[in-house]
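Just so you know, these numbers use all the heavy atoms, side chains as well, and skip hydrogens, waters and symmetry mates. We count ligands from 1, going down the list as the structure has it; atoms in each ligand are counted the same way. As the structure is a computational prediction, the values presented were derived from the model and not from experiment.
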Amino acid sequence: MKNKKKVLVIILVLAVLFIISIIVYNIQNSRKIELTQLSNHSKTQMMGYIIKTKNDKMIIIDGGLSADTENLMNYISKNNNKVDYWFLTHNHNDHVTAFTEIAKKENVEIDNIYVSLNEKEWYEEHEKARAEFSSYLIDLLNEENIKQKVKEPTLNEKIQIDGIEVEILGIRNPEIIENPGNEQSMVIKFNTGKQSLLILGDTGVKSSEKLLKNQKDKLKSDIVQMSHHGQLGATKELYKEVAPKICLWPTTDWLWDNDMGTGKDSGPWKTLETRKWMEELGVIQNYIEKDGDITIKIK
Ligand SMILES: [Zn+2]
């Protein structure tokens, strides 16, 4: 009789454990990763993305201009003023000015900053017009309290963030001195195992060729960030290899329509051409910066 009771208790405990594990599994799976494309808060193009992982880790990529800082800060405040990972694709102000302002705030905690920059002298020599801002950025990253958070990733380095594998497919390319700043863009692939996102920054023609040569088998991604705000960035050949279903366009209204102020296609920009490429490649969804902040769920 005693033994029967014991067996019954064991069965009951096992049943309860089984039910609990099913509930935990379902909760875990119902949590989704959220990807937000930030919108421009001035007339100038910018780029900024936020990824919230299943367990609320906050990843930021770039962030935009000074005019965009307040909007980005709203998201950071909601995350208790904590950013777990911040990736800076390259040195240009339309990508990293908001970062430079937020990094100086004493109440904001940034745990990891991933950046791939050349020495100050390189920018002085090859990108004179922007050398002052580059120098300011490099000095900021070298400040005592920030320095310890800064990491320079190596090519093909993998970083595991709460179930997302982040792989660095491209780092600075100091040998490319045409279109110099943009061509130093870090290229980052986020892979959840079910869906992937490719961040290109402002990658240009030469680094597109380099990526096709060295990383061809890793380029295919479900979602792609359109390089250089959707025009004069990565090549058609590169996008063909990526073969995305969803395009993220860090593109303002005037740039989207190549509008100088006198109507569609009145400007010198190549956005309409790039839009056509993506149509030809069978992209089914476009999300555009001009339409406001947009959050999509990632599997
Ligand atoms: Zn840019």
Parallel, tilted or perpendicular, as decided by the 30° and 60° cut-offs, for the rings of W249 and W256: perpendicular
Distance flag, aromatic centroids of Y114 and W86, threshold under 6.0 Å: no
Residue D94 atom name (nearest to the Zn ion (ligand 1); N/O/S): OD2
Residue H95 atom name (nearest to the Zn ion (ligand 1); N/O/S): NE2
Backbone or side-chain N/O/S of H229 under 2.8 Å of the Zn ion (ligand 1): yes
Closest D202 atom to the Zn ion (ligand 1) [N, O or S only]: OD2
Between H90 and D62: side-chain donor-acceptor atoms closer than 3.5 Å: no
Rounded distance [0.5 Å steps], CD1 in I223 versus NZ in K189: 11.5 Å
